[in-house]
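Ligands are counted one by one from 1 in listed order, and the atoms in each one are counted from 1 as well. Both backbone and side-chain heavy atoms feed into the values below; hydrogens, waters and symmetry mates do not.
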Amino acid sequence: LIQLYIPLNFLGVLYREIKQSLTDLDRMFTLLEREREIADAPGARPLAIEHATVRFEHVDFGYHPERQILHDVSFEIPGGKTVAVVGPSGSGKSTLARLLYRFYDVDGGRITVDRQDVRQVTQDSLRRAIGIVPQDTVLFNDSVRYNIAYGRTSATQAEIEAAARAAHIHAFIAAQPRGYDTMVGERGLKVSGGEKQRIAIARTLLKNPPMLIFDEATSALDSASERAIQGELASAARGKTALVIAHRLSTIVDAHQIIVLESGRVTERGTHAELLASGGTYARMWKLQQSGSGERSMPEQTVPAT
Ligand code: ADP
Ligand code: MG
């Protein structure tokens, strides 16, 4: 019965999950729900990537019919460029990321990659082409090695380690008695939000796909680690098509275009300099963060008590 509504490409993952942990049942059903909504169109073709140009065209979306979240959102990420999205919490930024990865389908408008509607290509080919560091990473109840190599199972140990080093998580892993064989997840090693985020970053660096989504990818890290990893993320994004959702504006000043999203609508767009000059929401957010009051993370330096 289950096979009726699980796309084949998902069975491998689901099987692992079932086998390894029945306590994950809740989550599995959530995945099933989603997968049931989102299925390959009949005759769906693999995504053919040329430049990896992403376009959102008049996108409307709501998780529930009675509450529309995104309203007529349009923007383009030219192949190889970075578009950053900023805006208040709840404005719909993560929703954009989820729609591009096709966790959900749009209600109106369309999303294309190199002119192909994401609903018309196979999910597997779309997701292979995208590396995503989500806001909240869920790890598999499996080894650290599996969790990092998940996006590219053919990776060698040396490649896995290189990715882990770049994500500043290698030392932590190496310090565990079982190293990369350490089990993580509910019944394994407890890892913090920051460590999960680093594992997701390592996974994405290793996968090395043509399109990247960073959804507040370093939000769980302290500012020193964030600065250190930011360089790695920037070099990973070079030449790739990237959708970067930023919680700290200083990390996106070089973006090709910055989009301000408020209540599900694009209210401003332009380069950092253009948006500062226009003196709108972005300029206000920038001033707030420069003065420090907009910082969500720990202060960078503490003054020793005297
Ligand atoms: P942001 O990332 O900008 O903080 P989100 O895209 O996560 O915002 O959320 C936009 C809106 O959609 C919020 O009002 C949020 O409560 C709602 N929302 C997010 N995820 C879901 C979901 N799975 N089901 C219903 N509503 C959701
Ligand atoms: Mg979000």
> Distance from Phe103 atom CZ to Thr95 atom OG1, nearest 0.5 Å?
Replying inline: 12.0 Å
> Could you give the distance from CD1 (Ile258) to CD (Glu268), rounded to the nearest 0.5 Å?
Replying inline: 10.0 Å
Are [X] and [Y] packed together at the side-chain level, in the sense that at least one heavy-atom pair is separated by less than 4.5 angstrom?
| X | Y | result |
| --- | --- | --- |
| Ile148 | Tyr180 | yes |
| Asp215 | Ile132 | no |
| Arg198 | Ser225 | yes |
| Val266 | Leu261 | yes |
| Ile259 | Phe56 | no |

> Out of curiosity, is Gly90 lining ligand 1, as in a heavy atom under 4.0 Å away?
Replying inline: yes
What atoms of ligand 1 come within less than 4.0 Å of a heavy atom belonging to [X]?
| X | answer |
| --- | --- |
| Arg98 | 7 (O), 19 (C), 20 (N) |
| Thr95 | 5 (P), 6 (O), 9 (O), 10 (C) |
| Ser89 | 4 (O) |
| Tyr104 | 23 (N) |
| Arg67 | 14 (O) |
| Pro88 | 3 (O) |

>> Minimum distance, heavy atoms only, to atom 11 (C) of ligand 1: which one of Leu70, Ile69, Leu99 is it?
In response: Ile69
>> My understanding is that we take every heavy atom of each candidate and find the minimum distance to atom 8 (O) of ligand 1. Doing that for Gly92, Ala97, Gly62, which one comes out nearest?
In response: Gly92
> Angle subtended at the Mg ion (ligand 2) by OG of Ser94 and OE1 of Gln135, to 10 degrees?
Replying inline: 80°
